[in-house]
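This structure is a prediction, so every number in the text was calculated from the model and none was measured. Heads up: numbering here begins at 1 and tracks the sequence.
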Amino acid sequence: MSHLRYFIIRRLKKAQEPVTQLDPALLAMMITRYPQAYQVVQQISAFLKHEMNWTLQSDEAVYLLLHIWRVTQHQQTE
């Protein structure tokens, strides 16, 4: 939630962070390893693009994917 909150606040303030160069292989590996979480990231990305005209950068997608996977894994083990 902290990452999402920070992302939204940054976008609302129109603050630009330096573009982080993410190794494309990292995102590809995450997509392969956690396809269900990535589907959720794609849905969130499409929603943000449609409603706010915001585009998720690849580093933001990786962080979001990890957070979604962690939360869903935690819920499945309970």
Novice: Between the side chain of Ser45 and the main-chain N/O of Val41, is any donor-acceptor distance below 3.5 Å?
Specialist: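 No, Ser45 side chain to Val41 backbone: no donor-acceptor pair under 3.5 Å.
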Novice: Take Gln36 and Thr72, measure what side chain to side chain contact (heavy atoms under 4.5 Å, CB included) needs, and give me the verdict at the end.
Specialist: CA-CA 10 Å; Gln36 292 175 327; Thr72 57; over 6 Å; no
Novice: Identify the heavy atoms of Leu27 and Ser58 that sit nearest to each other, and give their distance.
Specialist: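 Smallest heavy-atom distance, with atoms named: CD2-CB, 4.1 Å.
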Novice: What distance do Leu65 atom CG and Arg33 atom CZ have between them, rounded to the nearest 0.5 Å?
Specialist: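 Atom-to-atom, Leu65:CG and Arg33:CZ are 11.5 Å apart.
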Novice: Given side chains that start at C-beta, do those of Ile44 and Ile68 come closer than 4.5 Å, heavy atoms only?
Specialist: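 Yes - at least one pair of side-chain heavy atoms lies under 4.5 Å apart.
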Novice: According to side-chain hydrogen bond (donor to acceptor under 3.5 Å, both in side chains), who are the partners of Asp23, at least two apart in sequence or on a separate chain?
Specialist: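 Expected list: none.
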Novice: Roughly how far apart are Arg70 CZ and Tyr34 OH, rounded to 0.5 Å?
Specialist: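 Here the rounded value is 12.5 Å.
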Novice: State the CG-CG distance between Leu64 and Asp59, to the nearest 0.5 angstrom.
Specialist: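 Result: 11.0 Å between the selected atoms.
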Novice: Would you name the heavy atoms of Thr55 and Lys49 that are closest together and state the gap between them?
Specialist: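 In terms of heavy atoms, the two residues are closest at OG1-NZ, 3.5 Å.
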Novice: If only atom types and distance count, is the side chain of Glu60 paired as donor or acceptor with the main-chain N or O of Gln57 below 3.5 Å?
Specialist: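 It does hold such a pair.
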Novice: Quick one: list whatever passes ring pair (Phe, Tyr, Trp, His ring centres under 6.0 Å) with Tyr38, sequence neighbours left out.
Specialist: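 Ring pair (Phe, Tyr, Trp, His ring centres under 6.0 Å) check on Tyr38 returns nothing, list empty.
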Novice: Among all residues two or more places apart in sequence or in another chain, which pass the side chain to side chain contact (heavy atoms under 4.5 Å, CB included) test with Leu66?
Specialist: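 Result, side chain to side chain contact (heavy atoms under 4.5 Å, CB included) vs Leu66: Met30, Val62.
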